[in-house]
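What follows is a set of notes on a single structure, which appears directly below.
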2 protein chains.
Amino acid sequence: MQKHSCLLLRGFAYRHKVTGEGGRQIMSIHMKGDVVDLQNSLLRRSDHNVQALTNIDVAYIPVECVRELAFDRPNVSKAMWYETLVDASIFREWTLNVGRRHARERAAHLLCEFALRLEVAGLGAQLHYELPMTQEQLADALGMTPVHVNRTLKGLEAEGLIERTRRSVIIGDWKALATVGDFDPNYLHLEPELGTV
Amino acid sequence: MQKHSCLLLRGFAYRHKVTGEGGRQIMSIHMKGDVVDLQNSLLRRSDHNVQALTNIDVAYIPVECVRELAFDRPNVSKAMWYETLVDASIFREWTLNVGRRHARERAAHLLCEFALRLEVAGLGAQLHYELPMTQEQLADALGMTPVHVNRTLKGLEAEGLIERTRRSVIIGDWKALATVGDFDPNYLHLEPELGTV
DNA sequence: CGAAAACTTGATTCCGTTCAACACATGTGG
DNA sequence: CCACATGTGTTGAACGGAATCAAGTTTTCG
């Protein structure tokens, strides 16, 4: 078990798991403000891996401190639990995405999710942002091969839904992309709901 | 938002999401002892659906009570949070399963998970149990079509890994099935770890 | 500048879907 | 108790989306 949790101050990180055969599935992408290995810190055995996607700055927080906060301060406890719940909600959507949508829809969905999350984090505009992942990493997030990611993105571009240069993405027609990706932002639980949990 | 959480006393239930095109993905299966819609109760908007798989008995618990327990009693709080974390861990494994494993491995994995969970819940033996799902429901859990579930199960049977009659499953060779399914029970976090969270 | 990483493209293969028919159970009402 | 309807499981044939294999090209960076 880790001795520290780490709070992401700058850059991107991701969590992933690997099959016995070497297939990798990225479970989630994290950005500024996320406490990235909270879950591994609290469960005795870590069941997944955390890795940096770009250069990052992190603040290490000793696990004992996290626990103290988590259990002695009701408000902190609420906030942390709430994070866990939102996390789980995003996992569910990703499972749906990978399990029940075609490559084109999956990719569109992920691009929409990024757009919203980056904007909320103050790291880009909804319709024009830098995607901090290689196509190989996208493939691991989408449960497909890098080759097919390439073709799929090209396809979306050919349809006029997006434009892209190297890593930047411009969403030409948000509504159309969201439709293709069957994207409904509910699952991100972005609206403040402090009164709830 | 729901007014009640419900504790499953007998029978099986599942959580699922549906795409705009009608594809359904089952996110998790629940059995005796699980509090099934805790997450929907605590987040303001529910992002998934809960449904009974068999006849069930449930105990309804008013959400206010859940919250009171959750935030006034540190030990209850720990336990509930712990449940949420294990839940999320299982979601992650399912995402990996659906995203990065072939049909045969997926099916084998699910059969192994069931075996263990049913035994822990006191509802069957690890090597011989009743599967409370139709092949169509299995398909929705595995992200494949019912037809292919049928063929895949038949395949596992032909290989001598399992036997089956209608709904019951007999695992002929646990080790082999676990190998095929790339099954490592860590993610279920079955060992008691009360000292941890 | 040169090497490695990332991206692009084409040809081929294959796993899983789709479509369609049928078999077998289960259950219900006459 | 049978007739019939419905849900579930089984099987076959054809199709298609994505994987695989393999070769380029472009970008990045030491």
Side-chain angles (χ1 to χ4, degrees), chain A residues 12 14 19 21-26 51-55 97-111 130-159 162-169 180-182, chain B residues 12 14 19 21-26 51-55 97-111 130-159 162-169 180-182:
Chain A
F12 294 86
Y14 65 96
T19 67
E21 280 172 341
R24 187 173 65 158
Q25 178 68 43
I26 294 182
Q51 205 146 31
L53 203 51
T54 60
N55 285 336
N97 206 33
V98 163
R100 282 298 183 205
R101 287 200 263 254
H102 288 185
R104 201 174 76 110
E105 318 170 48
R106 271 185 235 178
H109 192 278
L110 188 65
L111 291 178
E130 293 293 313
L131 194 62
M133 306 169 76
T134 66
Q135 290 183 1
E136 188 175 7
Q137 289 160 339
L138 284 172
D140 287 336
L142 295 170
M144 47 208 252
T145 55
V147 176
H148 204 234
V149 167
N150 184 287
R151 294 197 236 260
T152 304
L153 291 179
K154 271 197 66 177
L156 291 175
E157 192 167 23
E159 292 180 69
I162 60 170
E163 291 170 61
R164 55 200 181 108
T165 62
R166 201 71 187 157
R167 292 285 165 81
S168 90
V169 175
V180 167
D182 187 28
Chain B
F12 294 86
Y14 64 96
T19 68
E21 281 173 338
R24 187 173 65 159
Q25 178 67 45
I26 294 182
Q51 205 147 29
L53 203 50
T54 61
N55 286 336
N97 206 32
V98 164
R100 283 298 182 203
R101 287 201 263 254
H102 289 184
R104 201 174 76 110
E105 319 170 47
R106 272 186 232 178
H109 191 279
L110 188 64
L111 292 178
E130 292 294 313
L131 194 62
M133 306 170 76
T134 65
Q135 291 182 359
E136 188 175 8
Q137 290 160 339
L138 284 172
D140 286 337
L142 295 171
M144 46 207 256
T145 55
V147 176
H148 204 234
V149 167
N150 184 288
R151 293 196 236 261
T152 305
L153 291 178
K154 271 195 67 178
L156 292 175
E157 192 168 23
E159 292 180 69
I162 61 170
E163 292 170 61
R164 53 197 183 108
T165 62
R166 202 74 187 153
R167 293 285 163 82
S168 88
V169 175
V180 167
D182 187 29

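Just so we're on the same page: letters track the sequence lines, and every chain starts at 1.
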Counting just side-chain N and O atoms, does Q135(A) come under 4.0 Å of either OP1 or OP2 of dA5(C)?
-> no
Given axes from five pairs at either end, by how many degrees does the helix from dC1(C)-dG30(D) to dG30(C)-dC1(D) bend, rounded to 10°?
-> 40°
Is any side-chain heavy atom of L153(A) closer than 4.5 Å to a side-chain heavy atom of V149(A)?
-> yes
Please report, rounded to the nearest Å, how far the C1' atom of dC7(C) is from the CD atom of E157(A).
-> 13 Å
Would you indicate what R104(B) reaches in the nucleic acid, counting non-hydrogen atoms under 4.0 angstrom: base, sugar-phosphate, or nothing?
-> nothing
Contacted region of DNA chain D by chain A, from 5' end to 3' end of the hits, cut-off under 4.0 Å to heavy atoms, spans dA18(D) to dT28(D)
Sidechain-backbone polar pair: R24(A) side chain, T19(A) backbone, donor-acceptor under 3.5 Å | no
Side chain to side chain contact (heavy atoms under 4.5 Å, CB included) between L142(A) and I26(A), worked out | CA-CA 8 Å; L142(A) 295 170; I26(A) 294 182; over 6 Å; no
Mind checking what makes side-chain contact (heavy atoms from CB on, under 4.5 Å) contact with E136(B), not counting sequence neighbours?
-> T134(B), P146(B)
Residues of residues 136-153 of chain A with any non-hydrogen atom less than 4.0 angstrom from an atom of DNA chain C: list those, numerically ordered, please.
-> V147(A), N150(A), R151(A)
E163(B) side chain to V169(B) backbone, donor-acceptor under 3.5 Å | no
Does D140(A) offer a backbone N or O that forms a donor-acceptor pair with the side chain of Q25(A) under 3.5 Å?
-> yes
Measure from the side-chain N and O atoms of T54(A) to the backbone N and O of F12(A), and report whether any donor-acceptor pair falls under 3.5 Å.
-> yes
Test E21(A) against every option in E105(B), H102(B), R100(B), R101(B) by the side chain to side chain contact (heavy atoms under 4.5 Å, CB included) rule and name the one that passes.
-> E105(B)
Tell me which of M133(A) and R101(B) sits closer to the 5' end of DNA chain C, going by the nucleotide each one is nearest to.
-> M133(A)
Has the side chain of S168(A) got a donor or acceptor atom that lies under 3.5 Å from a matching backbone atom of R164(A)?
-> no
Heavy atoms under 4.0 Å, any strand shown: does R106(A) hit a base, just sugar-phosphate, or nothing?
-> nothing
Can you run down the salt bridge (charged side-chain N to carboxylate O under 4.0 Å, His left out) pairs that involve residues 144-156 of chain A, sequence neighbours left out, and say none if there aren't any?
-> none
Sequence neighbours left out, what passes ring-ring contact (aromatic ring centres under 6.0 Å, His included) with Y14(A)? Give chain and number order.
-> H16(A)
